[in-house]
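Here is the structure we will look at, set down as structure tokens.
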Amino acid sequence: MSIFETFNPIFNRFVLGNISLKQLATGFDWVEGPVWFGDANCLLFSDIPNNRILRWTPNHGITVYREPSNFANGHTRDHSGRLLSCEHGSRRVTRTELDGSITVIADSYEGKRLNSPNDVIVHSDGSIWFSDPHYGIMSNYEGYLAEQELPCHVYQVNPANGEIQAVITDFNCPNGLAFSPDEKRLYVSETGAVHDEEAQRHIRTFNVDAKGHVTGGEILHEVQPGCADGFRLDTDGNIWTSAGDGVHCISAEGELLGKIKVPEVVSNVCFGGRAKHQLYITATTSLYMITLNRQGIQHP
Ligand code: MG
């Protein structure tokens with residue numbers, strides 16, 4: 001039985017027929033936040049409930065990168081290659097400097113503590129954008145149970161002065177986010193349905209102008225089953241998103257083109273490998289990888 005399900009024939013050009021989905025490692029609790037380091041030939045990802053960031057390399061498999069990790073969730077790299085991390089436990093976004101020291105990028109807004117930053121991206125102008133739903137403070141499972149002080153917003157941090165601004169404020173639980181290849185569009189997912197079946201589970205599209213101002217917010221696509229917890233784009237602007245039954249590929253116009261079926265609920269993906277043609281998939285207890293006939297726009 002094929003691991004692919006095609007809804008538009010164009011999807012058949014994105015995948016390789018003789019390729020299998022590889023389970024690279026398993027035995028975790030809830031993995032998230034994959035980020036590829038081509039210079040170190042490794043993938044970092046979070047095992048959130050076990051309070052650690054793990055490293056996978058082709059030759060050595062799994063080793064621990066950071067433990068405890070302050071219940072880190074999503075990661076990315078900035079344009080200098082430094083690791084940016086969302087930390088549930090310390091309710092902040094941090095940057096790991098090249099010497100290993102930690103710089104706090106954001107931990108509060110208007111004098112109140114952030115909830116539990118979830119996923120983070122960097123614009124080519126150096127601004128850092130992140131989502132701040134409340135999952136990490138709802139229980140002691142993925143962080144520390146605590147009072148929510150702020151609504152769940154998407155924030156932007158100005159690289160020049162470090163100022164933080166709430167740029168999207170009408171979500172229930174914003175989660176995954178990504179820019180289009182030309183950075184004129186920002187995609188943000190709503191994952192309120194994780195705890196409320198009635199809530200929405202869509203990806204919305206925002207326009208971003210040259211000054212970083214955000215407008216719009218139309219619904220692009222509703223993910224079913226599951227949620228678009230995390231997603232990345234390929235160089236043609238197609239969205240590869242987590243879902244309850246695997247990875248869904250959605251066009252820039254919002255059409256479901258095809259699926260990669262994964263035997264566990266998927267949380268997030270990222271492109272990696274020599275040509276950014278391999279999709280690394282964090283899925284509940286396991287890390288998977290599949291080689292695609294696509295390339296990701298992940299930087300650097
Ligand atoms: Mg997430």
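Start at 1 and go down the list; that is how both ligands and their atoms are numbered. Given the structure is predicted, the values throughout are model-derived calculations rather than measurements.
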Checklist entry - Around K22, counting heavy atoms of other residues, nucleotides and ligands shown, do more than 12 lie under 6.0 Å from its NZ? => result no
Item to check | Gap separating the CG atom of D47 from the CH2 atom of W30, nearest 0.5 angstrom | outcome: 11.5 Å
Checklist outcome for this item: For the Mg ion (ligand 1), angle spanned by N118 OD1 and D229 OD1 (nearest 10°) is 140°
Item to check | Under-4.0 Å salt bridge between D107 and R91 | outcome: no
Checklist entry - With a cut-off of 2.8 Å, does S267 place any N/O/S atom under that distance from the Mg ion (ligand 1)? => result no
Next on the checklist: Using ring pair (Phe, Tyr, Trp, His ring centres under 6.0 Å), reason through F45 and F28 one step at a time and then give a plain yes or no.
Outcome noted: CA-CA 11 Å; F45 63 102; F28 314 117; 5.6 Å; yes
Item to check | Atom of E32 nearest the Mg ion (ligand 1) (restricted to N/O/S, atom name only) | outcome: OE2
